Enquirer: 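Below is the structure I would like to discuss, written out as structure tokens.
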Amino acid sequence: MSSATTYFSDKTDLLSLSQGFSQLAQNPAIKSLLVFVADANDYDHSALDALLQSQSSTVIGGIFPELVYQTHSYHQGCLIVGLPYAINVQVIQGLSDASVNYADQIEAVFELDIQAQTGIVFVDGLAKRISALVDGLFDVFGSTLNFIGGGAGSLSFVQKPCLLTNQGVIMDAAVIGLLDQPSRLGVGHGWKTIHADHQVTQVDKNIIYQIDNRNAFEVYSEIVNPHVAEPITPENFFSIAQAFPFGINKLNGDKVVRDPIAVTSEGGLGLICVGEIAQGDFVDILTANADELIASAGQTTQKAYSTDSTQPPVINLTIDCISRGLFLKEAFSQELEAIQYHADKTLPIVGALVLGEIANSGEGYLEFYNKTTAIAVL
Amino acid sequence: MTPSNVETRVKVLYEIAMAMGNTLDEKQLLSDCLKVFLRKFNGLLIAFYDQSSQQVRVSLPRRGMKPAYIEQLETLLADEKSKTAVSGFVESWLQHDGQLHYAFKVGAVGWLSLISSQPIDALTLGSLGPVCDKLATSIRSCRTNQQLIEQEHDLQAALYDLKKAQQARDSFLANMSHEIRTPLNGILGFLHQLEDTSLDKQQKKYLSIIQHSSETLVGIINDILDFSKMDAGKLTLASEPFHLLDCVTPIIELFRAKASQQGTCVEFIQQGHMPARIKGDALRLKQIISNLVSNAVKFSVGGHVSVTLQAKPSDYPSKVDLTLSVKDTGIGIATEKLMVLGQPFVQAENSTTRDFGGTGLGLAICKGLLALMGSSLQVKSELGKGSCFYFNWQAEMAADPLTLIKPKPSAALVVTTYPDKRILLVEDNKVNQMLMKAILAKMQIKPDLAENGQQAVEQFQNQQACYDLVLMDINMPIMDGVEATQRMREFEVETGCHRVPIVALTANVLRGDREKYLSHQMDEVLAKPIDMTKLYQVFETFLLDRAE
């Protein structure tokens, strides 16, 4: 029976990562490596480049705000997951370049008859055209593949090299790994509508300038202020808004969550979101309490396990949003415990808290989510 | 469906509708629209089947369009194609893999086909008619726009072809002009020589007829060239000071003499305070007046032609308003024919050409030249009683006539002799060689002859440039006149010889030719057929000056 071999260290030094690589290299069954590194480690990029370039196994991974290992999240350390599967990893450069047609690029790097059932995709979470890449992925592969992944990078919101490949650590790019293994996917968030029917009337990609033809910040404040002790201001925006994301409606009642994280003074107090919103979209204002989010994580796991497996899995790959971690704080471990409760406990829970999640439910459009949990039983 | 679901449905349909009409590029429109459809319905695959091309035009995802799927779609369409094109949901069925397939009619333009793993409720399906209708309208708008783009492209291509054709025509005319002028030069030149020989009365009469015919031919060629240049927008007017009456009076005198032979009286009336000098293109003004007076005389045998030049003060002190009219007592023009007058190659009556001759280009050229002057040709006419052609223009008065006086070359056709002068004649055409030798013989000059540019350069060098004048043809085999001139000039510089005047004799008389040759270090340019007066003037200029 195939199994993953996992290496975890909560130490911040590069030597620990190096030791992990060495340890897993002893296992001849390992064909590829999923690597999660905490941003706080602040590795020397040259040394990291050299280490990554020296690996004989295929590497795909990133530097994330926090790591997920079993029922805890870690803001420092490293996690290496050795998979007994080959992964075809390709890099798409220029993730902020307005002139790139990502569908054409993806089509060019992956052969037409490629055998794949699951895709793992990590993007530079601070690049400007993540949604376009996600659209490009769906444009080429559609729902024929289960995709799971998310945005790497730092909570400092300073863009820097954050994607790990055999070529080294890179930035403003996407790494896409396709593997010919089945996976079972669950996607969910647990956020509920507290105020509906607001239309985004002026937006520039991920910055909402007007809601209902009025200043976006004013409208947002009017809705949120009755629910908080202290009125929302540009200064305290991040801490308050993390409890009140936007929800974009789908016909089946699902909502794609958009996380407002900051206020820009340009153009009159626009709301900066993680991910794009289309002009004319109707959005709800959502909220949730900790119990609802934790319960949702359990339900998401149940959903992933609700279909029969065609092959024995090796990991519970968990991609969770960093803003859920920040929102739940200490209670976040309960979310991971809820996941473990509904999962196969013999499989490790591995993954990261990311800057925006990429997943399809396995039966629909590939989306770039915020404040969402995506679990792949792989 | 609960009220909240109804609201969601309305909002989602609104969002889908919002995604349409944002672009006039059909592929982009379909791509944007299909993406929103798929996202909002959480679909797996969507495709647009184009009714006119009968194929799937856009599908999302690209690799999702399996042959079996297309087959199913084609089967459906085979049944539904003939039915009325009402936008909206048509049919759904469960596929073998458990996925649901929905088909929607998009007006008369095509079909939308959506595959989803989740069912779409009946109310939503029923509400998609207007959305599909909007998509159909948007697609039609894109196609109309595309047609406009293609039409514009076709027009651009046609314009390009037209310009190329125009260039080819210009080039053809330039070549033909040269080819026709070369033999004409021989004809007119030798006629001129023949005139000086002893001829009996009948021979002189025949000679006169031949001369007249040849001059008419030259006039026609000039008209065609002028019209062609004007038609191509390549004719520009000079703006040089000239003496107004000195420009107009000789034309009247010329035609008065001709008219008197057919019993026609030509009078010239001046009205108002006539300015001495004005700025403009004297040559072209002469051409206009000549054309009008020539026509008037031609059509008024035994009648009367009255040319009136009227000057009035302008609103601007430096300008003068001028009117010139040519009134005749000729055959007149029917009112309905006045409209076509001035169109190229058109005369008032078909019989006119037969009875009076002419190409019909004269008035067209006048109209074109007047348009360049900011004026227009007006006509009043009564059939059988006569016509009056007139135009007015505002001319700027030339302020300082003293600075404008140029020495007039002698107009006398008294032949000066230059027995001591050495001339190199460069000419490949045998007839023209003979003609020039005959002309030069009268001036007691025996030229050295070169039959092409290379021979000319060799002789020039062998003789150490000790010529008084070089008469240089331009179009010659082996080496043309321009290159030969350049070599000669180089030789002069290298050896420190004096600069020998080089006069181009060429049948290339299109716009820019003269300037081109002068810029290639030639000293003067004479057009073929050679105007003897001008030739003698050139000889006086270059040979008398050097003799002094």
Side-chain angles (χ1 to χ4, degrees), chain A residues 101-104 106-108 110-114 116 131-132 134-147 178 187 192-193 196-201 203 247-256 276-284 307 360-369, chain B residues 1-22 27-28 31-47 58-66 69 97-100 102 114-121 123-125 127-128 131:
Chain A
N101 182 320
Y102 296 115
D104 288 350
I106 292 163
E107 201 156 41
F110 290 107
E111 301 125 23
L112 192 64
D113 56 352
I114 189 168
S131 292
V134 173
D135 283 346
L137 273 173
F138 187 83
D139 196 354
V140 175
F141 298 111
S143 300
T144 54
L145 271 71
N146 280 350
F147 273 103
L178 300 188
V187 181
K192 302 282 188 296
T193 299
D197 289 341
H198 295 284
Q199 193 180 18
V200 175
T201 47
V203 65
I248 307 166
N249 289 299
K250 284 194 168 195
L251 193 69
N252 60 4
D254 284 353
K255 288 179 175 55
V256 176
E276 294 179 20
I277 294 185
Q279 185 141 328
D281 267 2
F282 284 93
V283 291
D284 293 353
T307 50
N360 53 358
S361 58
E363 53 183 22
Y365 199 83
L366 183 63
E367 293 280 6
F368 180 66
Y369 297 97
Chain B
M1 181 172 274
T2 63
S4 64
N5 283 343
V6 172
E7 285 166 15
T8 302
R9 176 173 56 79
V10 171
K11 285 188 283 187
V12 167
L13 293 177
Y14 177 84
E15 286 166 1
I16 294 170
M18 281 285 288
M20 298 169 194
N22 297 327
K27 200 173 176 190
Q28 188 65 49
S31 176
D32 291 349
C33 180
L34 265 52
K35 192 187 292 176
V36 174
F37 251 102
L38 212 53
R39 288 183 78 167
K40 295 297 176 184
F41 284 90
N42 209 34
L44 300 171
L45 192 150
I46 193 164
V58 176
S59 76
L60 191 66
R62 298 178 185 187
R63 293 183 179 179
M65 187 53 64
K66 303 286 190 298
Y69 169 81
D97 54 9
Q99 292 171 344
L100 289 153
Y102 296 92
L114 174 76
I115 292 179
S116 172
S117 58
Q118 298 170 349
I120 303 172
D121 65 89
L123 200 56
T124 302
L125 288 173
S127 308
L128 280 168
V131 175

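Note that this is a predicted model, so its numbers are computed, not measured.
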Enquirer: Where does Asp197(A) contact chain B at under 4.5 Å (heavy atoms): side chain, backbone, both or neither?
Expert: both
Enquirer: Non-hydrogen atoms of chain B under 4.5 Å away: do they reach the side chain of Ala103(A), the backbone, both or neither?
Expert: both
Enquirer: Grab the two heavy atoms, one from Tyr14(B) and one from Gly280(A), that are nearest each other, plus how far apart they are.
Expert: CE2-O, 3.9 Å
Enquirer: Where on Ile120(B) is there a heavy atom nearer than 4.5 Å to chain A: the side chain, the backbone, both, or neither?
Expert: side chain
Enquirer: Assess whether a salt bridge exists between Asp254(A) and Arg39(B), defined as any Lys/Arg side-chain N lying under 4.0 Å from an Asp/Glu carboxylate O.
Expert: no
Enquirer: Less than 4.5 Å to any heavy atom of chain B: does that hold for the side chain of Gln279(A), its backbone, both, or neither?
Expert: backbone
Enquirer: Where do Gly43(B) and Phe138(A) come nearest, in terms of heavy atoms and distance?
Expert: O-CZ, 4.2 Å
Enquirer: In Å, rounded to the nearest 0.5 Å, how long is the span from CD of Gln199(A) to CD of Glu15(B)?
Expert: 8.0 Å
Enquirer: Please give me the minimum heavy-atom distance between Asp284(A) and Lys11(B), naming the atom from each residue.
Expert: OD1-NZ, 3.8 Å
Enquirer: Using every non-hydrogen atom in the two residues, find where Val12(B) and Asn249(A) come nearest and quote the distance to one decimal.
Expert: CG2-O, 4.2 Å
Enquirer: Is there a side-chain contact between Lys40(B) and Tyr365(A), using heavy atoms and a 4.5 Å cut-off?
Expert: no
Enquirer: Relative to chain B, which segment of Leu137(A) carries a heavy atom at a distance below 4.5 Å: side chain, backbone, both, or neither?
Expert: neither
